[in-house]
Protein chains: 2
Amino acid sequence: MTMRVDAGLTPAPSGVPVGRPMPEMERPMPEAPGRRLGYAVVGLGQFALNQIIPSFARSQSSKLVALVSGNRDKALHVAECYGVVQKNIYDYQSFDRIADNDEIDIVYIILPNALHAEFTVRAFQAGKHVLCEKPMAVTVEECDAMIRAGREADRRLMIAYRAQYEPYNMEAIRMAREGELGTIRLVTSDHGRILDPSVPADQWRMVKSLAGGGSLYDIGIYSLQAARYITGEEPVEVSGYITSDRNDPRFAEIEDLVAFQLRFPSGALANLTSSYSTSPVKRIQVFGSKASLVLDPATEYERHQMMVKTGKEERRVQMPEGNQFAAEMDHLAKVVMENREPKTPGEEGLRDIRILQAVYRAAREGKPVLLSTTDAPTR
Amino acid sequence: MTMRVDAGLTPAPSGVPVGRPMPEMERPMPEAPGRRLGYAVVGLGQFALNQIIPSFARSQSSKLVALVSGNRDKALHVAECYGVVQKNIYDYQSFDRIADNDEIDIVYIILPNALHAEFTVRAFQAGKHVLCEKPMAVTVEECDAMIRAGREADRRLMIAYRAQYEPYNMEAIRMAREGELGTIRLVTSDHGRILDPSVPADQWRMVKSLAGGGSLYDIGIYSLQAARYITGEEPVEVSGYITSDRNDPRFAEIEDLVAFQLRFPSGALANLTSSYSTSPVKRIQVFGSKASLVLDPATEYERHQMMVKTGKEERRVQMPEGNQFAAEMDHLAKVVMENREPKTPGEEGLRDIRILQAVYRAAREGKPVLLSTTDAPTR
């Protein structure tokens with residue numbers, strides 16, 4: 001028996017009953033870990049610290065090698081906790097020197113929305129690949145510039161649409177795409193939470209010049225994504241209403257409540273909302289001609305719940321929860337290694353910004369906005 | 001001790017533990033039943049036979065005294081089952097002779113929508129009060145004529161909006177109105193079912209000249225009602241999309257899927273749907289600044305479920321289920337006896353028809369329709 005020495009984390013081979021001790025000779029050898037690409041995380045806010053950085057421990061093809069922060073003390077502390085060497089700590093001024101650091105393959109941008117474009121372009125200029133948080137940027141022009149910079153540098157750009165890497169949402173997409181729900185007629189999705197000025201991560205979100213928009217940009221994008229990835233179609237028309245209490249200091253610059261509708265080429269419709277002033281909700285419901293599906297919560301970090309209703313019969317669908325952050329980081333690492341395009345490239349981010357901008361316009365002008373479908377992808 | 005012989009169905013007096021046998025002398029005397037007004041049920045379809053007629057047994061102030069049907073054999077059978085005397089069976093030609101029948105106080109119209117106006121007006125001309133199923137009628141003009149006929153006859157007109165007499169919906173309305181949810185920002189409601197051509201009650205619903213409209217008229221009206229009775233406001237603007245597969249024979253004449261939006265004066269928004277081609281759904285969700293509320297199912301005949309979510313805390317609200325059909329029939333009987341207006345008069349039905357017509361227009365013209373609020377009631 002040949003022993004393989006490059007042991008990694010692999011699932012138990014099928015056919016091996018769990019829990020039965022195996023004689024030494026029968027025990028399958030752990031497989032080699034894949035090569036891991038090095039990530040620099042840019043921005044050490046709540047989300048980076050609590051979700052992203054701990055998720056490297058769950059990844060197969062990614063490792064944390066560098067930190068970029070305006071707060072050196074915080075960066076030093078995080079570096080110590082996660083074994084990042086001091087020389088790999090950068091600030092926003094020294095950021096471009098990552099070009100000289102071969103340990104860094106990918107830059108993960110977790111900054112206020114208005115900074116996405118600048119740091120994406122600078123990362124490409126430094127020769128790195130980019131994973132960028134959603135929304136991709138503030139304007140369509142910024143998105144175009146980011147995509148162009150990636151092409152010029154021959155580097156990959158992926159938008160961190162975590163739900164598309166999350167097992168429950170992926171299962172819902174599979175069911176929709178494979179016809180298990182019949183023809184998709186309607187998607188409804190609501191994403192809401194209370195914007196809290198006492199939380200640092202919410203402070204920049206109240207500032208238009210940093211956030212680019214309000215609840216629509218921040219969480220309405222989940223409702224929009226749901227409608228697009230469940231139908232697998234691009235909307236041809238949007239309409240919407242926006243309501244914000246301008247006497248509420250939180251909404252002096254950005255919008256609170258958005259109710260918007262999409263019409264798809266097949267005739268499928270979507271009724272979507274986002275809100276910054278109501279109890280937390282992260283809900284997707286899909287109505288097909290054969291069955292309907294409820295994911296609630298739909299876009300949590302974990303503990304998703306999915307029900308499928310066919311006629312009057314209802315069944316719960318249970319999936320193993322997966323670390324969607326590790327999954328998306330590994331996805332980009334793998335496509336980089338295999339020289340492929342990511343599932344959620346810059347073009348996907350751009351599409352959402354175009355649609356969200358059209359929602360703003362529809363609400364402002366009080367009439368639906370038709371969308372060009374010339375750039376729609378084939379799925 | 002004087003025994004009253006006219007004992008009726010009354011609830012056990014409060015304070016009397018159920019199940020404990022009482023000595024004869026302690027036993028409270030059955031209360032006098034209130035006076036019961038006599039109902040003529042017009043139309044003996046599924047809904048009348050399975051829901052309405054059996055509900056008289058649960059009523060306090062209403063009794064079934066007459067039947068109107070085009071099918072004499074069916075009417076004779078029903079009359080025998082429920083103790084209606086043969087002389088009180090009418091058909092659609094002999095209907096007007098109810099004028100000579102003092103046993104009949106109220107006519108309950110459970111006919112295809114296009115016949116509501118005619119039979120309401122004829123009932124008023126016969127000097128009777130009217131309970132009419134929703135939607136009130138097909139056109140605004142018909143509604144106006146019905147209201148006018150009632151006024152001229154000095155008789156009451158009530159639309160059978162059963163949800164407004166159902167304990168869970170009434171509790172949701174109370175919570176919304178008393179501020180327990182905070183400011184109401186958003187109402188979402190979906191009502192859908194599969195239209196089934198093999199079911200007689202669904203056959204006339206596919207015929208435009210009988211139904212007046214499709215899913216919007218039939219069940220979208222529940223979504224609309226929810227938005228109106230929860231906010232307590234009248235919408236000032238509507239928009240909407242309609243999708244129907246014209247190759248599906250069910251939708252040759254009437255619409256299938258409708259997604260529509262309402263804007264209210266307070267800034268509250270509503271995202272509503274109705275569908276005739278998806279798994280059954282009867283759902284209302286309310287998003288307030290303090291809490292959100294889910295009623296799902298919301299508009300069933302029974303087994304409602306209500307959850308209230310405040311922040312991340314969720315609690316189930318349980319109410320005693322009530323017979324909403326008995327409740328609405330008794331409501332009209334009582335207001336007739338007390339010479340008051342019903343909670344859901346013809347004006348309430350007219351408002352919905354106006355709004356539903358505006359939804360059709362908005363969908364047809366591809367732009368929002370502004371609504372006049374001059375006839376809006378004060379609530």
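Naming convention: chains lettered A, B, ... in sequence-line order (proteins, then strands); numbering from 1 in each chain.
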Notebook entry, point to check: Given a strict heavy-atom distance threshold of 4.5 Å, which part of A:L272 is in contact with chain B: side chain, backbone, both, or neither?
Noted result: backbone

Checklist line | Between B:T183, B:L181, B:I194, B:D190, the one whose heavy-atom pairs under 4.5 Å with chain A are most numerous | finding: B:D190

Note to self: How close do A:H304 and A:A298 get, counting heavy atoms only, and between which atoms?
What the structure shows: CD2-O, 3.1 Å

Margin query: Would you say the ring centers of B:Y360 and B:Y217 fall short of 6.0 Å from each other?
Written below: yes

Notebook entry, point to check: Quick one: of A:S289, A:S292, A:S277, A:G366, who has the most non-hydrogen atom pairs under 4.5 Å with chain B?
Noted result: A:S277

Note to self: Regarding B:Y276 and B:D202, do their side chains bring together a donor and an acceptor under 3.5 Å, going by distance alone?
What the structure shows: no

Notebook entry, point to check: Side chain, backbone, both or neither: which part of B:T188 has an atom under 4.5 Å from a heavy atom of chain A?
Noted result: side chain

Check: Of all residues at least two apart in sequence or in a different chain, which pass the side-chain hydrogen bond (donor to acceptor under 3.5 Å, both in side chains) check with A:E365?
Finding: A:R361

Margin query: Using a strict threshold of under 4.0 Å (side-chain N to carboxylate O), is an ion pair present between B:R228 and B:E234?
Written below: yes

Notebook entry, point to check: Can you say whether A:R193 sits under 4.5 Å from chain B via the side chain, the backbone, both, or neither, judging by heavy atoms?
Noted result: neither

Margin query: Out of A:T310, A:N271, A:T273, A:L186, return the one with the most heavy atom pairs under 4.5 angstrom to chain B.
Written below: A:N271

Next item on the list: Flag the pair B:R174 and B:E171 as a salt bridge only when some basic side-chain nitrogen lies within less than 4.0 angstrom of an acidic carboxylate oxygen.
Entry: yes

Check: What orientation do B:Y301 and B:F47 show, parallel under 30°, tilted 30 to 60°, or perpendicular over 60°?
Finding: tilted

Margin query: Just so I understand: if I count every heavy-atom pair under 4.5 Å between each of B:G192, B:G288, B:A362, B:S275 and chain A, which residue has the most?
Written below: B:G288

Next item on the list: Under 4.5 Å, counting heavy-atom pairs only, tell me which of A:Q285, A:K312, A:K290, A:R283 racks up the most with chain B.
Entry: A:R283

Note to self: Just so I understand: if I count every heavy-atom pair under 4.5 Å between each of B:K367, B:Q261, B:R263, B:E237 and chain A, which residue has the most?
What the structure shows: B:Q261

